[in-house]
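Below is one structure, written out as C-alpha cells, with a few remarks after it.
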Amino acid sequence: MHKANQTVLEIDFNALKANFNYLKAQIGSQVKFMAVVKAFAYGADAQQISNYLQNLEVDYFAVAYTNEGVALRKAGITTPILVLHPQPVNFELLIQYCLEPSLYNTVVLDEFINIATKNKQQNYPVHIKFNTGLNRLGFNSDKVEAVCSIVNRSSCIKVLSLFSHLAASEDVNEIEFTTQQIEIFKTIAAKYNRLTGTQPWLHLCNTSGILNYPNAHFDMVRSGIGLYGYGNSVAKQSNFTPIATLKTIISQIHVVNKGQTVGYNRAYKAITNQKIAILPIGHADGISRLYGNENGFVYINNQKAPIVGNVCMDIIMVNVTKVNCNVGDEVVVFDAQFNANTLAESVGTISYELLTSISQRIKRVIKD
Ligand SMILES: *Cc1c(COP(=O)(O)O)cnc(C)c1O
C-alpha cells in the first residue's frame, strides 16, 4: 500500500513532453506552437511548466491577464507572451514587461495606441482578435476597414497576428458551424491583408481544433488542455496522458453504526454499519460541494470510494466500508488512470474547471 504524507498535486513532466510532442506531430513543421499557460497552467504550475516548455523551444505562450504574464517574466521566461484579455489599466505594466496584447475592440486598440505612443514605442508587437461566431472577445467582421485604417496610421504598433477562437471545435455535431467560422476568418484575413498590404500570422485552433480541423492550423495553433493531457473526447484521449495527479492521505477512519450520521447537517446517514475515512482536502482546495453526497469519488488502493455527506472547507469523508485501507494510506482524487474528466463529469462539469479550481494552498510537486 502506498504511503502519502499530505495532499499534493504531482506534475509529470514526461507526460507533458509526450503530450507536447504528440500535438507537434499533428501540425506542419512550419506551424508555430503557442502553449496556453493561463490560470496557473490549468491549475498545474505556470512557472515550472513554462520553463520546461521554453527549454523544449515552444514558440509562444498565452496567458489570460497581464499579471500572469508579469509573473512569467519575473520567473525568467523570455519567450514571447500573448495576453489574451489585457485590461487597459495594465497597459503600462504590459509594455514594461514586453508582453503582447490581444486588441479586440476599438476602445482597447485606441487606448493601447495612446499608451504605446506616450511610452515612445515603435512597432510594438500586438495581436488583433476577431469574432467569427463565439461572440465573446473580438472585432466583428464588419470592423475590418475601421481596424485597418487605425493600424495604417499607427507606427507605434506592429500587428504580428490576426486570430479568432472556435466555439465548438470538440463537437462533431458542429462541423458546419466551425467550417463557417474558418471561412469567415479567411475572409477577414484576406481583406485585412489587402487593406494594409501586410500579412500577419493567422491562428484559430485550440486543442480540439488542432485535432479535428487539420486544414485550419494556419501559421500557429494555441493549445492548453491537450498539453495537460486531455483530448476532450473518448476517441482522442488515448493519445494523451494527464500530467496532474491529485493525491491525499487518510487522516482517520471511523466505524459508524447504523443510524449514525456523518458531517455537517447530518447529510449522510448510515443505513448499516459503515467505515468512513477522513481526508485532508475540501472545498477550499477546489473540491466543490457538488461532489458531496455520493456524486464524486476517490480511489484508495485502486478501489473506488464515494464522497459521503457534505464537502467541508478542508475535509471530505469517503465511504471505505468495502475498501481495504488504513490510516496513512494514499488516496487518489484523480491521476492519469482515474482522470479529472471522469470526476468532473460526475457533477456535470469539465476537466478544465476541476483542474483550474485546485487551490494554490495545495503543494505542487514536479515528477521528472
Ligand atoms: C484558453 C484558450 C485556448 C486554449 O484552449 P484549449 O481548449 O485548452 O486548448 C486557446 N485560445 C484561446 C483564445 C483561449 O482563451
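Residue numbers run from 1 in the order of the sequence given. Order of appearance sets the numbers: ligands from 1, and atoms from 1 within every ligand.
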Residues lining ligand 1 [heavy-atom distance under 4.0 Å, listed by chain and residue number]: V36, K38, Y42, L84, K129, R136, H165, N206, T207, R222, S223, G224, I225, Y352
Pairing residues for N293 by the side-chain hydrogen bond (donor to acceptor under 3.5 Å, both in side chains) criterion, not counting sequence neighbours: N310
What is the ring orientation for Y22 with F240, classed by angle as parallel under 30°, tilted 30 to 60°, or perpendicular over 60°? perpendicular
With sequence neighbours excluded, what pairs up with Y52 under the ring-ring contact (aromatic ring centres under 6.0 Å, His included) test? F13
Report the relative orientation of the aromatic rings in Y299 and F338; use parallel for angles under 30°, tilted for 30 to 60°, perpendicular for over 60°. parallel
Could you work out, with side-chain hydrogen bond (donor to acceptor under 3.5 Å, both in side chains) as the rule, every residue matching N90, not counting sequence neighbours? none
Parallel under 30°, tilted from 30 to 60°, perpendicular over 60°: which one fits the rings of F163 and H203? parallel
